[in-house]
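FYI, the numbering just counts along the sequence from 1. In each ligand, atom 1 is the first atom listed, and ligand 1 is the first ligand listed.
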Amino acid sequence: MITRTEPLCQEQTGQSESWQQALANVIREPRELFELLALDLTQLPAALSAASEFPLMVPRSFVARMEPANWHDPLLQQVLPLGEELGFQPGFSHDPLAEADNNPQPGLIHKYHGRVLLIVSGGCAINCRYCFRRHFPYQANNPSRAQWQQTLDYIASDASISEVILSGGDPLVASDRFLAELVSNIAQIPHVKRLRIHSRLPVVIPQRITDDCLRWLSDSRLQSIMVIHCNHANELDASVQAALAKLTAAGVTLLNQSVLLAGVNDNEAALTTLSETLLEQGVLPYYLHLLDKVQGAAHYEVDESRAKQLVRHLMAHLPGYLVPKLVREDSNQVSKVPISVLL
Ligand SMILES: *Cc1c(COP(=O)(O)O)cnc(C)c1O
Ligand code: SF4
């Protein structure tokens, strides 16, 4: 077990288990989730069917931030398997981002100029029901040691690559030992300037931000940016705040991306409070994504005109730096596609 050296964090959260234990102890049984939250068991059969297509997985500390007996809890709504996922949904596909076409070798996606995305781990600590990951063939993207060398060679051979993005799945599911070595190898490539990490772990298992993690981040010559993924202010409790404060102190620039999700954050108050709470915890809003049209996620869709209206509201009520960019992902474009919200 990892010894915690930060008394503040323990006092605030009562967490004494390591992140590895928290990951091993995630809730996977719908019945257990229903019982912990005192939810009406009539919905359990539907949850069990949906979970047989894409399993339920949610860390206990994330469940602890939910309100018992509330179906509409915005955190529960992100992880609860529902019968609505099961029918065929026209216009919703299995690979909406066409990632399969931009995969020059296992574990590497080079779609945008100047940055490559590495699939460091197919696993996550949470299964978000709206995620394209529910269908992505991660088994084929689990590189061996020799393949990692090919990935490094690919980056080294293209001087236009100035930023390497560690993604997944969730890259922080990998061990600090593995990540420290990977980052040190990346840092040996002179034209790479920045390391970016896309992870939901600082939010869902905040004890993942260990001293070892902070060490490989701050010891590297690479400038580091972490893009966390938080959809609702209720996710940002004191334990998350403590983890984010450590990252900030280690010199990591913190940004957030959210997905606009019906029943989770598709209202003015939720988005305003999210931006303000993020800033209080040292994080700037980066992207607000329209939902990727993935089979099984149609019930989360917010139509584009409502999305624009919501962002116009944020623009009229918040400083510019607290307004995330509304974007859509389109596999044929050279970047995320910004959506003009002006009338
Ligand atoms: C989203 C994404 C990036 C990063 O895009 P930014 O606009 O720089 O955040 C890079 N590569 C791939 C394949 C992506 O999907
Ligand atoms: S990749 Fe991100 S959005 Fe998808 S399941 Fe993992 S944590 Fe959730």
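- The distance from ligand 1 to the heavy atoms of Tyr286 drops below 4.0 Å at these ligand atoms: 6 (P), 7 (O), 8 (O), 9 (O).
- Close contacts between ligand 2 and Cys131 involve ligand atoms 1 (S), 3 (S), 4 (Fe), 5 (S) [criterion: under 4.0 Å to a heavy atom].
- The closest donor-acceptor contact from the side chain of Gln223 to the backbone of Lys193 lies at 3.5 Å or more, if one exists at all.
- Between Glu235 and Arg65 no salt bridge is recorded (no basic side-chain N to carboxylate O distance below 4.0 Å).
- Residue contact check: Lys336 has heavy atoms under 4.0 Å from atoms 1 (C), 2 (C), 3 (C), 5 (O), 7 (O), 14 (C), 15 (O) of ligand 1.
- A donor-acceptor pair under 3.5 Å is absent between the side-chain atoms of Arg60 and the main chain of Ala22, judged by distance alone.
- With a heavy-atom cut-off of 4.0 Å, Glu329 touches ligand 1 through its side chain alone.
- Of the possible donor and acceptor atoms, none in the side chain of Gln149 sits under 3.5 Å from a partner among the backbone N and O of Ala146.
- Here the closest heavy-atom approach between residue Arg129 and residue Pro55 is recorded as NH1-O, 3.2 Å.
- Considering backbone and side-chain atoms together, Tyr112 places no N or O closer than 3.5 Å to any N or O of ligand 1.
- Between Lys293 and Glu301 there is a salt bridge, since at least one side-chain N of the basic residue sits less than 4.0 Å from a carboxylate O of the acidic one.
- Between Glu163 and Arg194 there is a salt bridge, with a side-chain nitrogen of the basic residue lying less than 4.0 Å from a carboxylate oxygen of the acidic one.
- Checked for salt-bridge contact, Arg177 and Glu181 miss the test: no charged N lies under 4.0 Å from a carboxylate O.
- By the criterion of a heavy-atom distance under 4.0 Å, the side chain of Cys124, and not its backbone, is placed next to ligand 2.
- The distance from ligand 1 to the heavy atoms of Ile109 drops below 4.0 Å at these ligand atoms: 13 (C).
- Taking only nitrogen or oxygen atoms, main chain and side chain alike, His198 does not reach within less than 3.5 Å of ligand 1.
- Listed by number with element, the atoms of ligand 2 under 4.0 Å from a non-hydrogen atom of Arg200 are 7 (S).
- Under a 4.0 angstrom heavy-atom cut-off, His110 registers as lying outside contact with ligand 1.
- Each of the atoms 6 (P), 7 (O), 9 (O) of ligand 1 lies under 4.0 Å from some heavy atom of Tyr287.
- Checked by distance only, ligand 1 and Lys111 stay at 3.5 Å or farther apart across all their nitrogen or oxygen atoms.
- Across Ser199, Ala125, Cys128, heavy-atom proximity to atom 5 (S) of ligand 2 is greatest for Cys128.
- Residue-ligand proximity: Asp170 is placed with every non-hydrogen atom at 4.0 Å or more from ligand 2.
- His317 and His313 have parallel rings, their planes meeting at less than 30° on a 0 to 90° scale where 60° marks the start of perpendicular.
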